[in-house]
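What follows is a short report on a single structure.
Ligands are counted one by one from 1 in listed order, and the atoms in each one are counted from 1 as well. Source: prediction; values computed, not measured.
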Amino acid sequence: MFSGTKGPGEAESLNGSNLRVLIVHARWNTPLITPLVEGARKKLLERGVKELNIVTQSVPGSWELPIAVQRLYAASQVQASSAPSGDLLGGLGRSSTPIPGSTSGTSSKGPFDAIIAIGVLIKGDTAHFEHIAESVSRGLMRLQLDFGVPVIFGLLTVLNEDQARVRAGLTADGHNHGEDWGEAAVEMGAKRKL
Ligand SMILES: O=c1[nH]c(NC[C@H](O)[C@H](O)[C@H](O)CO)c([N+](=O)[O-])c(=O)[nH]1
């Protein structure tokens, strides 16, 4: 893949030390989700985001990403003003297979400056893929515009598992797109505070 397509990054010049970032990931295709989440976390930490300010929650599948983003962001707004941290999703976001660094709701307080929604949709023999991909994409776009908070689009929509493995950085010629999403979250979160 031509490496220049993404254009120059800006996250190097942006400091993530005062950002609070939410990662919401699906549990479908966990062997692919795990490296993507870890790639995003790695870049967040590299750009100065504090471990305590990275909240990770999981949902069953990509279809549930928009509602989880909406509820977690709204809860963080309320939390910013009063309520103790607690479990932000009332149990909805508990991860049955915690990924390193996953939080179960206890974390720092305050509104999120950026959100990364991560899922892997692999096309099957039916139109299911298209319905989920379209609805989740539109839902995440609406949320970021309605809430005014950057929602980084981490939904891989691939035709087969090999394509996903390349984009999760699991092959010699692959690149972990999770890292790009982490960088984008720092850039967009920092710019939101300018
Ligand atoms: O995240 C995914 N969810 C998938 N389905 C589950 C869906 O996201 C919901 O969790 C489920 O329909 C319950 O609402 C997938 N497929 O069906 O292939 C998939 O590839 N990836």
* Structure fact -> If we number the atoms of ligand 1 from 1 as shown, the ones under 4.0 Å from a heavy atom of N29 are 19 (C), 20 (O), 21 (N)
* **Structural part of W28 in contact with ligand 1, heavy atom criterion under 4.0 angstrom** => side chain
* With rounding to the nearest 0.5 Å, note down the distance linking CH2 in W28 to CD in E64. => 10.5 Å
* Asked: ligand 1 and L121, any nitrogen or oxygen pair closer than 3.5 angstrom?
  -> no
* Ligand-side contact atoms (ligand 1) for residue partner W63, heavy atom cut-off under 4.0 Å -> 7 (C), 8 (O), 9 (C), 14 (O)
* Backbone N/O of V166 and side chain of D173: donor-acceptor pair under 3.5 Å -> no
* Are R47 and E187 within salt-bridge range, i.e. N to O under 4.0 Å? -> no
* To do: Measure the CG-CG distance between L155 and L140 for me, rounded to the nearest 0.5 Å.
  => 7.5 Å
* Identify the protein heavy atom lying closest to atom 1 (O) of ligand 1, giving its residue, its atom name and the separation to 0.1 Å. => S62 OG, 2.7 Å
* Structure fact -> Closest to atom 14 (O) of ligand 1 among protein heavy atoms sits E64 OE2, 2.5 Å
* Structure fact -> In this structure, CG of L143 is separated from CD1 of I115 (nearest 0.5 Å) by 7.5 Å
* To do: Give the ring-plane orientation class for H177 versus H175, where under 30° counts as parallel, over 60° as perpendicular and anything between as tilted.
  => tilted
* Structure fact -> atom 12 (O) of ligand 1 sits nearest the protein heavy atom H128 NE2, 4.3 Å
* Given R41, which of V21, L36, I54, V49 fulfils the side chain to side chain contact (heavy atoms under 4.5 Å, CB included) condition? -> I54
* To do: Using a 4.0 Å heavy-atom cut-off, say whether V59 meets ligand 1 through its side chain, its backbone, both or neither.
  => neither
* Those atoms of ligand 1 less than 4.0 Å from some heavy atom in V120 -> 1 (O), 2 (C), 19 (C), 20 (O), 21 (N)
* To do: Do me a favour and list the nearest non-hydrogen protein atom to atom 20 (O) of ligand 1 with residue, atom name and distance?
  => I122 N, 3.2 Å
* **Any N/O pair I132/ligand 1 closer than 3.5 Å** => no
* Hey, is E38 close enough to K42 for a salt bridge, meaning N to O under 4.0 Å? -> no
